[in-house]
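Taking it in order: structure first as structure tokens, then the write-up.
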Amino acid sequence: MALLRSLVYRPGAGSGPRTTAEGAYSILTVDGRRLLHIETYGSADRQIPGKVSQAIDLDVDGAQELLKAIRHAFPGLESLDTK
């Protein structure tokens, strides 16, 4: 598990999804600091399906970095109805 320290745009990084997986999030308080904890779980064809594959924690600074990246990737998202 890692606390996201920074998030930098790297054009051309990554190759797209190889499989699909489930994910979950929770809200934690650690040393008085609120964190968004995000986990992804192993795909159904893994040796241990449902085991946590990746976990990342975001504090308020990391959340701002992620929001900035989401808005960059999906500029029309703010105007979508999220009901």
Side-chain angles (χ1 to χ4, degrees):
M1 166 174 27
L3 178 66
L4 184 70
R5 191 173 57 199
S6 66
L7 191 60
V8 191
Y9 178 55
R10 276 191 8 198
S15 60
R18 292 173 189 82
T19 63
T20 61
E22 299 297 317
Y25 74 94
S26 58
I27 299 167
L28 311 172
T29 302
V30 178
D31 297 329
R33 183 166 52 172
R34 192 174 175 107
L35 301 174
L36 173 62
H37 178 81
I38 302 171
E39 297 177 338
T40 62
Y41 304 101
S43 58
D45 59 347
R46 288 191 59 173
Q47 187 174 8
I48 306 173
K51 181 181 177 189
V52 174
S53 293
Q54 294 89 23
I56 189 167
D57 290 332
L58 301 166
D59 61 8
V60 68
D61 295 329
Q64 286 179 325
E65 292 283 322
L66 182 58
L67 276 173
K68 185 176 161 184
I70 290 169
R71 289 183 179 124
H72 183 211
F74 307 103
L77 189 64
E78 291 179 50
S79 64
L80 295 177
D81 184 18
T82 57
K83 288 183 185 177

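Keep in mind that this is a model prediction, so the values were computed, not measured.
- A donor-acceptor pair is defined here as one N or O able to donate and one able to accept, closer than 3.5 Å; such a pair exists between the side chain of S53 and the backbone of G42.
- For the pair Y41 and K51, the minimum side-chain heavy-atom distance is 4.5 Å or more.
- The two residues D59 and L3 have their closest heavy-atom pair at N-CD1, 3.8 Å.
- V52 is not listed as a side-chain neighbour of T40, based on a closest heavy-atom distance of 4.5 Å or more.
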Does the pair D57 and L36 meet the rule for a side chain to side chain contact (heavy atoms under 4.5 Å, CB included), with working shown? CA-CA 6 Å; D57 290 332; L36 173 62; over 6 Å; no
Run the numbers on R71 and L67 for side chain to side chain contact (heavy atoms under 4.5 Å, CB included), then give the verdict. CA-CA 6 Å; R71 289 183 179 124; L67 276 173; 4.0 Å; yes
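- Nearest heavy-atom pair, L7 versus A69, reported as atom, atom and distance to 0.1 Å: CD2-CB, 3.8 Å.
- By the rule that hydrophobic residues join a cluster once side-chain heavy atoms approach within less than 4.5 Å of another member, Y9 and I56 end up as members of separate clusters.
- Note that CD of Q64 and CG of L58 are 11.0 Å apart. Values are rounded to the nearest 0.5 Å.
- A side-chain contact (heavy atoms from CB on, under 4.5 Å) with R33 holds for exactly one of L35, D31, V30; it is L35.
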I would like to know whether R34 and V60 meet side chain to side chain contact (heavy atoms under 4.5 Å, CB included); could you show each step before the answer? CA-CA 8 Å; R34 192 174 175 107; V60 68; over 6 Å; no
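- Taking the six-membered ring where the residue is Trp, the centroids of H37 and Y25 are separated by 6.0 Å or more.
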